[in-house]
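Only one structure is covered here, and it is reproduced in the block below.
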Amino acid sequence: MKKFITILMSAVVALAMSACTTSNSAKCPMANCPQAQAQCPKAKVCPKCPYAKKCTSMKLTKDMFYKNGKFDDKAAIDAYVAMMENLGYPVSENLRQNMWATDFGLGDFPAVGMGGIFWIHDNKTGIFGHEIILLPNQMLVEHAHFPHAGLPAKYEAWQCRAGTSYCFGEEGEDASKYPNVKVPESQKKYITVNKVCVADSKKGNIVPLNRKEAFHYQIAGDKGAVVTEYGVYHQNEGNRFTNPNVKF
């Protein structure tokens, strides 16, 4: 009886693997592998799927996010959602319907860009809550916040909810401690700060801006990052970017 059960189980496993690699491969999640490599959450469950190797080794390229030279924000949002789901971050209906994506007008989205949603942005109360969403190794460009239209300079702090984000500014560890965290080539000449504080979702630590009007930027870890930003109400006109080509 024991031998029969062993043979039966082997047959079931073989059949399941065969279904994934042959006639039912279209049902395997790798069959619809989109932009983000994180879209393959079942690669380990279905290791023989012909799409698994392709998908898990897939690199993000510019052509995935641009159509006829224009930024395809829908493709970007799809990639962010896939990444968040892979990280185990809850993608609510509110987030799906109201999140946005930007390449800052730089045309280099896989390396430089951001997704986000303003949970609340209320001038009357001054309350501001924001989610910053970054693809693996993606950079949120260097910037600072200054007073504008009677509003104070924005002060903020960050808490990583999923993945890891390297928060660069005036204070922290020397960037040389993290050789695998690289500023994209297109942004290197616009960088003015290189100290790092790590926002780690496993630790749940808070990384505050060291002072108002300090320049700062973030680079996600190799699995991406979802970062909650705590701050005060502000307007985009108060933002200052070190790269003069940024549009936001």
Side-chain angles (χ1 to χ4, degrees), residues 34-41 56-62 64-65 71 73 75-91 95 99-104 106-117 130-143 156-169 172-173 175-188 190-191 193-209 215-231 241-243 246 248:
Q35 294 83 353
Q37 59 183 357
Q39 182 69 359
C40 297
T56 54
S57 63
M58 192 174 186
K59 293 184 179 180
L60 303 181
T61 59
K62 292 182 184 179
M64 296 173 177
F65 301 102
F71 178 56
D73 61 343
I77 289 173
D78 286 345
Y80 282 130
V81 169
M83 181 201 75
M84 288 187 284
E85 290 178 340
N86 189 56
L87 287 172
Y89 179 87
V91 182
L95 180 56
M99 71 177 292
W100 43 264
T102 179
D103 71 343
F104 296 106
L106 300 176
D108 191 20
F109 182 73
V112 187
M114 176 178 67
I117 181 173
H130 178 211
E131 215 78 324
I132 297 169
I133 309 167
L134 299 172
L135 291 174
N137 307 306
Q138 191 177 44
M139 177 185 179
L140 189 172
V141 292
E142 184 174 317
H143 63 285
E156 57 193 13
W158 309 282
Q159 182 177 18
C160 197
R161 299 295 191 178
T164 305
S165 185
Y166 298 86
C167 305
F168 288 77
E173 300 175 298
S176 61
K177 186 175 179 179
Y178 302 95
N180 294 327
V181 182
K182 301 182 183 299
V183 173
E185 287 294 329
S186 64
Q187 301 306 303
K188 285 185 176 180
Y190 302 111
I191 296 306
V193 292
N194 63 356
K195 298 296 183 180
V196 187
C197 291
V198 182
D200 188 337
S201 61
K202 292 182 179 180
K203 294 180 179 179
N205 60 310
I206 304 293
V207 176
L209 188 67
F215 279 91
H216 55 283
Y217 58 96
Q218 294 189 34
I219 298 178
D222 58 9
K223 294 183 180 180
V226 182
V227 183
T228 297
E229 179 178 298
Y230 307 100
F241 298 94
T242 52
N243 184 340
V246 168
F248 182 63

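Quantities reported herein were computed from a predicted structural model and do not represent experimental measurements.
- Taking the six-membered ring where the residue is Trp, Trp100 and Phe248 present tilted rings, their angle falling between 30° and 60°.
- Of all non-hydrogen atoms in Met139 and Pro184, the two that sit nearest each other are SD-CD, 3.4 Å.
- Residues forming a side chain to side chain donor-acceptor pair (under 3.5 Å) with Lys202 (at least two apart in sequence, or on another chain): none.
- Rounding to the nearest 0.5 Å places CE of Met64 at 13.0 Å from CG of Asp78.
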| query | Is there a side-chain contact (heavy atoms from CB on, under 4.5 Å) between His143 and Phe104 once you walk through the steps? | reply | CA-CA 12 Å; His143 63 285; Phe104 296 106; over 6 Å; no
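- Taking CD1 of Ile219 as the start and CD of Gln187 as the end, the distance is 9.5 Å to the nearest 0.5 Å.
- Shown here are the side chain to side chain donor-acceptor pair (under 3.5 Å) partners of Thr61, two or more places apart in sequence or in another chain: Asp63.
- Rounding to the nearest 0.5 Å gives a distance of 7.0 Å between CD1 of Ile132 and OG of Ser165.
- For Phe109, the ring pair (Phe, Tyr, Trp, His ring centres under 6.0 Å) partners two or more places apart in sequence, or in a different chain, are Phe65, Phe71, Tyr80.
- When all heavy atoms of Leu87 and Ala225 are compared, the pair lying nearest together is CD1-N, 4.5 Å.
- Remark: side-chain polar atoms of Thr164 are not paired, donor with acceptor, to backbone N or O of Asp200 under 3.5 angstrom.
- Counting all heavy atoms, side chain and backbone alike, Ala157 lies closest to Pro208 at CB-CA, 3.8 Å.
- A side-chain hydrogen bond (donor to acceptor under 3.5 Å, both in side chains) with Thr228 is found for exactly one of His130, Gln159, Arg161, namely Arg161.
- Applying the salt bridge (Lys or Arg N to Asp or Glu O under 4.0 Å) test to pairs two or more places apart or on separate chains, those with a residue in residues 177-186 are Glu173-Lys177, Glu185-Lys188.
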| request: Please test Glu131 against Met84 for side-chain contact (heavy atoms from CB on, under 4.5 Å), starting from the C-alpha separation and ending with a verdict. | output: CA-CA 12 Å; Glu131 215 78 324; Met84 288 187 284; over 6 Å; no
| task | Please test Asp103 against Asp108 for side-chain contact (heavy atoms from CB on, under 4.5 Å), starting from the C-alpha separation and ending with a verdict. | result | CA-CA 7 Å; Asp103 71 343; Asp108 191 20; over 6 Å; no
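- Residues Met83 and Val226 have side chains in contact (heavy-atom distance under 4.5 Å, counting atoms from C-beta outward).
- Note that OH of Tyr230 is 13.0 Å distant from CD of Glu156, once rounded to the nearest 0.5 Å.
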| side-chain contact (heavy atoms from CB on, under 4.5 Å) assessment of Val91 paired with Met99 | CA-CA 10 Å; Val91 182; Met99 71 177 292; over 6 Å; no
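- Residues Phe168 and Val196 approach most closely at CE2-CG2, 3.2 Å, considering heavy atoms.
- Take Tyr89 and apply the ring pair (Phe, Tyr, Trp, His ring centres under 6.0 Å) test, not counting sequence neighbours, and it matches no residue.
- Taken to the nearest 0.5 Å, the CG atom of Asn243 stands 7.5 Å off from the OG atom of Ser186.
- Closest non-hydrogen pair, Cys197 versus Gly172, comes out as SG-CA, 3.8 Å.
- Summarising the geometry of Ile133 relative to Leu95, their closest heavy-atom pair is CD1-CD1, 4.4 Å, with the distance given to 0.1 Å.
- Here Glu142 pairs with Thr192 under the side chain to side chain donor-acceptor pair (under 3.5 Å) rule; sequence neighbours left out.
- The side chain to side chain contact (heavy atoms under 4.5 Å, CB included) test with Tyr217 singles out one residue from Val141, Thr242, Val183, and that residue is Val183.
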